[in-house]
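Heavy atoms only: backbone and side chains are in, while hydrogens, waters and symmetry mates are out. Order of listing sets the numbers, starting from 1, for every ligand and every atom in it.
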Amino acid sequence: MVNYKELGLVNSREIFKKAFEGKYAIPAFNFNNMEQMQAIISACVEESSPVILQVSSGARKYANQTLLRYMAQGAVEYAKELGKNIPIVLHLDHGSDFELCKSCIDMGFSSVMIDGSHHPYDKNVEITAKVVEYAHKYDVTVEGELGVLAGIEDDVVAEEHTYTQPKEVQDFVSKTGVDSLAISIGTSHGANKFKPEQCTRDENGILVPPPLRFDILEEVEKMIPGFPIVLHGASSVPQEYVKTINANGGNLKDAIGIPETQLRRAASSAVCKINIDSDGRLAMTAAIRETFNQHPEWFDPRQYLGPAREELKKLYKHKVVNVLGSAGKA
Ligand code: G3H
Ligand code: 13P
Ligand code: ZN
């Protein structure tokens, strides 16, 4: 058993309080490997932003749970070496059950999500409350979820959104004791968030997706004033990456994300954490495909992973400066 405090990590309580008061959101970037971790930390150190390093159960399977935990510990030291002791949270993304959350808490995570959103309400309350009871013994913060996002989360596929019902949130928060709440207001996971037929076209012919349900967000805010809200599925799917990927042998169809203006608006509300994974995947893939095309003679992984890491870092800096507003808040 190792407590995250010994590793130099922080939980999300204080940084969410500041984000709420300062009307910005903390970035939660997923990582599965060293290059992603380096890009996240160097971008956030250079922009002086707090950051949530997010690990899914798929990431634990891919990279090995012990290695990932040590990498997060390394991330704290890496940030210091780069010159800034920024607040770093190590967070379990979409924890499916109590045992997984407990395992992460026991290994040094400072925050966990228990995602009971696919269960009936009472079961969601029950498993979330059980995780909170255990986590709070170690001062680990817990994110719960109400409402279901369309798209794919690990192995679970939901065709349609089930928007969060504002009338449930107060009861859920008080019965479970969660520290933050993920809600469903029209975002979804992955790079294909909307079908073209759901979108309109602007004067330049660019597809514009339907707006997020800010009315639901506002209702939620009224029910639980001051409570930190989380947005999953918040990638914007930059079209320049989609074009680069497709121009260099890729085949991404109908890749449409959440406009950054909508995320900026969300970040200035009670939304204190914004999850971004797919945009990073697109940035890396675009850079790697381009490098392969331009230099077919290269075969040293550093020659293509290096530019991919640089592109990722550029993306993360853009997000914290221009979208989330967390730059300068570390
Ligand atoms: O919400 C899902 C995150 O993007 C993590 O994805 O389960 O494929 O690692 P993953
Ligand atoms: P995206 O797929 O939109 O990046 O969402 C990531 C996420 O919500 C991780 O939990
Ligand atoms: Zn998610």
In terms of atom number and element, which parts of ligand 2 are under 4.0 angstrom from non-hydrogen atoms of [X]?
| X | value |
| --- | --- |
| Ser278 | 1 (P), 2 (O), 4 (O) |
| Ser188 | 3 (O) |
| His232 | 8 (O), 10 (O) |
| Asn30 | 9 (C) |
| His94 | 10 (O) |
| His189 | 2 (O), 5 (O), 6 (C), 7 (C), 8 (O), 10 (O) |

Below 6.0 angstrom between ring centroids: does that apply to Phe98 and Tyr134?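 Yes, the ring centres sit under 6.0 Å apart.
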Establish, yes or no, whether a centroid distance under 6.0 Å links the rings of His189 and His94.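 Aromatic pair counts; centres sit under 6.0 Å.
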Verify the distance criterion only: is there a donor paired with an acceptor across the side chains of [X] and [Y] at less than 3.5 Å?
| X | Y | value |
| --- | --- | --- |
| Thr164 | Ser184 | no |
| Arg69 | Gln73 | yes |
| His136 | Asp179 | yes |

Looking only at distance, does Arg281 have an N or O less than 3.5 Å from an N or O of ligand 1?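 Yes - when backbone and side-chain N and O of Arg281 are compared with those of ligand 1, one distance drops under 3.5 Å.
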What are the atoms of ligand 1, with element, lying closer than 4.0 Å to any heavy atom of [X]?
| X | result |
| --- | --- |
| Asp277 | 3 (C), 4 (O), 5 (C), 6 (O) |
| Asp93 | 1 (O), 3 (C) |
| His189 | 1 (O), 2 (C) |

Check each heavy atom of [X] against ligand 2 and say whether those closer than 4.0 Å belong to the side chain, the backbone, both or neither.
| X | value |
| --- | --- |
| Ala28 | neither |
| Ile258 | neither |
| Ser56 | neither |
| Ile276 | backbone |

Any sub-3.5 Å donor-acceptor pair from Asp254's side-chain atoms to Pro196's backbone N or O?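 Not at all, since once roles are kept as given, no pair shorter than 3.5 Å links the two residues.
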Can Arg265 and Glu218 be counted as an ion pair, charged N to O under 4.0 angstrom?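 Between Glu218 and Arg265 there is a salt bridge, with a charged N closer than 4.0 Å to a carboxylate O.
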Would you indicate whether the side-chain heavy atoms of Leu82 and Ser42 approach each other to under 4.5 Å?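 Yes; the side chains approach each other to less than 4.5 Å.
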Is Pro50 close to Lys18 at the side-chain level, that is, under 4.5 Å between some pair of heavy atoms?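 No - every pair of side-chain heavy atoms lies 4.5 Å or more apart.
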More than 12 non-hydrogen atoms from neighbouring residues, nucleotides or ligands closer than 6.0 Å to CD on Gln303, yes or no?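 Check passes, neighbour count above 12.
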Around atom CD of Gln170, are there more than 12 heavy atoms of other residues, nucleotides or ligands at under 6.0 Å?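 12 or below, so no.
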[X]: its N/O/S atom lying closest to the Zn ion (ligand 3) (atom name):
| X | result |
| --- | --- |
| His94 | NE2 |
| His189 | NE2 |
| His232 | ND1 |

Minimum-distance pair of heavy atoms, taken over all atoms of Thr176 and Val125: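 Closest approach of Thr176 to Val125, heavy atoms only: CG2-O, 3.7 Å.
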Glu47 and its salt bridge (charged side-chain N to carboxylate O under 4.0 Å, His left out) partner, picked from Lys84, Lys317, Lys329: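 Of all the options given, the one that passes is Lys317.
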Just to be sure I read this right, does ligand 1 sit under 4.0 Å from the backbone of Asn30, its side chain, both, or neither, counting only heavy atoms?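 It is the side chain that touches ligand 1; the backbone stays farther off.
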Classify the contact between His94 and ligand 1 as side chain, backbone, both or neither, using a heavy-atom distance cut-off of under 4.0 Å.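 Near ligand 1, His94 shows its side chain, while the N, CA, C and O stay back.
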Just verifying a value: how many Å separate Glu290 CD and Phe292 CZ, rounded to the nearest 0.5 Å?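 CZ of Phe292 is found 12.5 Å from CD of Glu290.
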Nearest protein heavy atom with distance in Å, relative to [atom]:
| atom | answer |
| --- | --- |
| atom 10 (O) of ligand 2 | Asp93 OD2, 2.7 Å |
| atom 8 (O) of ligand 2 | Gly233 N, 2.8 Å |
| atom 3 (O) of ligand 2 | Lys193 NZ, 2.5 Å |

Please indicate whether any nitrogen or oxygen in Asp279 is less than 3.5 Å from any nitrogen or oxygen in ligand 2.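 No; the residue has no nitrogen or oxygen that sits under 3.5 Å from a nitrogen or oxygen of the ligand.
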